[in-house]
There are 2 protein chains.
Amino acid sequence: MDGTPDFKPLYLQVRDLMVRRLASGAWRPGESLPNEFQLADEFGVSQGTVRKALDELAAQNLLDRRQGKGTFVAQHTAQRALFHFFHLVADSGERALPGARMLSLGRAKADRQEAAQLGLKTGALVVRLKRLRLLGKRVALQERITLPGALFANFTDRLPVDVPNELYRYYEERYGVTVARAVEKLKAVPARADEAKALGLKSGAPLLEIDRLAYTVDGRAVEWRRSRCDTARHHYLSEIV
Amino acid sequence: MDGTPDFKPLYLQVRDLMVRRLASGAWRPGESLPNEFQLADEFGVSQGTVRKALDELAAQNLLDRRQGKGTFVAQHTAQRALFHFFHLVADSGERALPGARMLSLGRAKADRQEAAQLGLKTGALVVRLKRLRLLGKRVALQERITLPGALFANFTDRLPVDVPNELYRYYEERYGVTVARAVEKLKAVPARADEAKALGLKSGAPLLEIDRLAYTVDGRAVEWRRSRCDTARHHYLSEIV
DNA sequence: GAGTGGTCTAGACCACAGC
DNA sequence: CTGTGGTCTAGACCACTCG
């Protein structure tokens, strides 16, 4: 008569409570959490149960546990950007964070596609960025980024040249928006004339298109990014375990 | 005076012993392992420590734990091939295992590149396969596969048409070679004339090249695969957590 | 030395599968 | 009902960090 499976281990309940704290901003990036025994007291469970919840969150890169120091809310760092969110690698194997050159930055009304991707109404306010990125000294990709205007108020107040290269850290520090997860869809596409020119290629040259939707810990889409990359000297690295 | 960090938790030692059993074939795909208490006795540790080792291996997809039933050595199934090792998805979101049409199958001496990828000497015996794969009813990619001849004796005895579509299951069942891990490198490349013809495209059309090296649990490279895909109606899906 | 997370153990009990 | 893995607890001890 009820159909609910309705059994949820304690440690998952504790984990979900913790996720809520992270999502609400009660625990902010970089902060240290109370120790395991204090958390156990607070949630009314044993230290072992808290530990299992913490380990789950650490496995999802939401927390950072350091023996001897404590448990910290994960933060976007250059390292994380490089190894976790940026998958283009030089064919030689070297990795380096790409430079960026902003082309434009402005507000607009979401077109149908942007609205669909970000879960907004068509015509809702969005922020649009367009930039080139350099791998080594060579311009290797062009990207367009769309953000929901509601979450990123006054984004366009700053001069394009003053917007930092590492956006996820910037979103986190300035807007309290933490990207926790992303989905990328890759295709091979022909370069449009303007892209070809920007990247120093012939029109129609093959580019790797990376279409990324980034989500917060509570599942809201907060960035749509479409990059088109010259992969003559680089590749996208994907590890399957 | 020694420099060795030399502290290895018990559960990792136990895990490594188990990995050796898996690598040696003492535990074979599909087999069930002794229960946790029996393993604990055997290794001379507590059940909790064995559990931690088992959980590690299950997280790496080397074991399959089923409540109420037991712990089993992971096996390559259609499901696993589809969700774990095959990342091309229709733009609609549908996933389906692609059909295959073998074009050629034969022995050869490894060229420089094949030897380097697979860790063989140039001129060592290899098996080469070439096939087309269909997504839906449409030919969507062409791939060339190279295997070390030493591990796949008599592979070419079978008629090309009789080699099954799901290769990893076949490697596992017929040759005792289990693929545990793979690394893929993606690029956008122009179609060569023959590829264009096979895929029904114009020469120079953009293709997604997927260059995959597959490894066994003990780290030997056992397959090099290079696929070139038409991504007009499909994309490569990559999830970042 | 004090405080943190990490490991190891032992035991009780729960949920699930299958006879 | 029995056997399996899964959860929860409690306590001892180890390794790492920092003052």
Side-chain angles (χ1 to χ4, degrees), chain A residues 1-19 21-22 27 29-75 77, chain B residues 1-19 21-22 27 29-75 77:
Chain A
M1 256 311 165
D2 84 35
T4 48
D6 249 354
F7 162 71
K8 203 167 189 184
L10 253 186
Y11 77 91
L12 291 180
Q13 298 178 37
V14 171
R15 179 199 62 181
D16 291 347
L17 288 173
M18 290 176 170
V19 167
R21 293 205 184 174
L22 293 168
W27 287 342
E31 270 187 23
S32 89
L33 269 54
N35 74 34
E36 297 179 347
F37 286 96
Q38 291 168 325
L39 288 169
D41 271 5
E42 193 177 332
F43 290 114
V45 298
S46 77
Q47 173 260 0
T49 300
V50 165
R51 167 181 293 273
K52 219 177 162 191
L54 292 171
D55 285 345
E56 286 253 322
L57 297 175
Q60 288 170 60
N61 293 302
L62 297 177
L63 296 180
D64 188 8
R65 312 200 72 193
R66 293 181 227 151
Q67 184 171 170
K69 300 186 73 174
T71 300
F72 302 81
V73 180
Q75 228 172 347
T77 63
Chain B
M1 254 312 165
D2 81 37
T4 47
D6 250 354
F7 163 70
K8 203 167 188 185
L10 254 186
Y11 76 92
L12 291 180
Q13 298 178 36
V14 171
R15 180 200 62 182
D16 291 347
L17 288 171
M18 290 177 169
V19 167
R21 294 204 184 173
L22 292 168
W27 287 341
E31 270 186 24
S32 90
L33 268 54
N35 74 35
E36 296 180 348
F37 287 96
Q38 292 167 327
L39 289 170
D41 272 6
E42 193 177 331
F43 290 114
V45 298
S46 77
Q47 173 259 0
T49 300
V50 165
R51 168 182 293 273
K52 221 178 160 191
L54 291 171
D55 285 345
E56 285 254 323
L57 297 175
Q60 290 171 58
N61 292 302
L62 297 176
L63 295 180
D64 188 7
R65 310 199 72 193
R66 292 181 225 151
Q67 184 172 167
K69 300 184 74 173
T71 300
F72 302 82
V73 180
Q75 229 172 346
T77 62

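Just so it is clear, the model here is predicted, and its values are computed rather than measured.
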*Do the side-chain N or O atoms of Lys52(B) get closer than 4.0 angstrom to the phosphate oxygens (OP1, OP2) of dT7(C)?*
yes
*Phe7(A) has an atom CZ; how far is it from atom P of dG5(D), in whole Å?*
17 Å
*Measure the CH2-CG distance between Trp27(A) and Leu63(A) for me, rounded to the nearest 0.5 Å.*
7.5 Å
_Straight-line distance of Leu33(A) CG to Gln38(A) CD, nearest 0.5 Å_ = 10.0 Å
*Expressed in angstrom and rounded to an integer, what is the separation of Gln67(A) atom CD from dC13(D) atom C1'?*
13 Å
*Is there a donor on the side chain of Arg51(A) or the base of dG6(C) sitting less than 3.5 Å from an acceptor on the other?*
yes
*Quick one: which of dT7(D), dT9(D), dG5(D) gets closest to the side chain of Ser46(A)?*
dT9(D)
*Given atom CZ of Phe37(A) and atom P of dA2(C), what is their separation to the nearest angstrom?*
17 Å
*Distance below 4.0 Å between Thr49(A) side-chain N/O and dT9(D) OP1 or OP2*: yes
*asked:* Can you work out whether Leu33(B) or Gly68(A) has the more 5'-proximal nearest nucleotide on DNA chain D?
replied: Leu33(B)
Give every donor-acceptor pair under 3.5 Å between a side-chain atom in residues 12-19 of chain A and any protein atom, sequence neighbours left out.
{"residue": "Gln13(A)", "atom": "NE2", "partner": "Lys8(A)", "partner atom": "O", "Å": "2.7"}
{"residue": "Arg15(A)", "atom": "NH1", "partner": "Glu56(A)", "partner atom": "OE1", "Å": "2.9"}
{"residue": "Asp16(A)", "atom": "OD2", "partner": "Lys8(A)", "partner atom": "NZ", "Å": "2.6"}

*Return the value, rounded to whole Å, for the distance between atom CG of Asn35(B) and atom C1' of dG18(C).*
16 Å
_On the nucleotide dT4(C), are OP1 or OP2 found under 4.0 Å from the side-chain N or O atoms that Thr71(A) carries?_
no
*Considering just the side-chain nitrogens and oxygens of Arg66(A), establish if one lies under 4.0 Å of OP1 or OP2 belonging to dC16(D).*
no
*Between Tyr11(B) and Ala53(B), which heavy-atom pair has the shortest distance, and what is it?*
O-CB, 3.5 Å
*Rounded to whole angstrom units, what separation is found between the CG atom of Leu12(A) and the P atom of dG6(D)?*
13 Å
_Selected nucleotide, minimal atom distance to Arg65(A) side chain, candidates dG6(D), dG5(C), dC8(D)_ = dG5(C)
*Rounded distance (Å) that lies between atom C1' of dG5(C) and atom CD of Glu56(A)*: 18 Å
*Tell me: CD of Gln47(B) to C1' of dC8(D), nearest whole Å?*
12 Å
*For the pair made of CD in Glu36(B) and P in dG11(C), what is the distance, rounded to whole Å?*
16 Å
_Under 4.0 Å from OP1 or OP2 of dG3(D): is there any side-chain N or O of Lys69(B) that close?_
no
*Output, in order, the C-alpha distance, side-chain angles, deciding distance and verdict of side-chain contact (heavy atoms from CB on, under 4.5 Å) for Leu39(A) and Thr71(A).*
CA-CA 11 Å; Leu39(A) 288 169; Thr71(A) 300; over 6 Å; no
_Val45(B) side-chain proximity, nearest of dG5(C), dT9(C), dC8(D)_ = dT9(C)
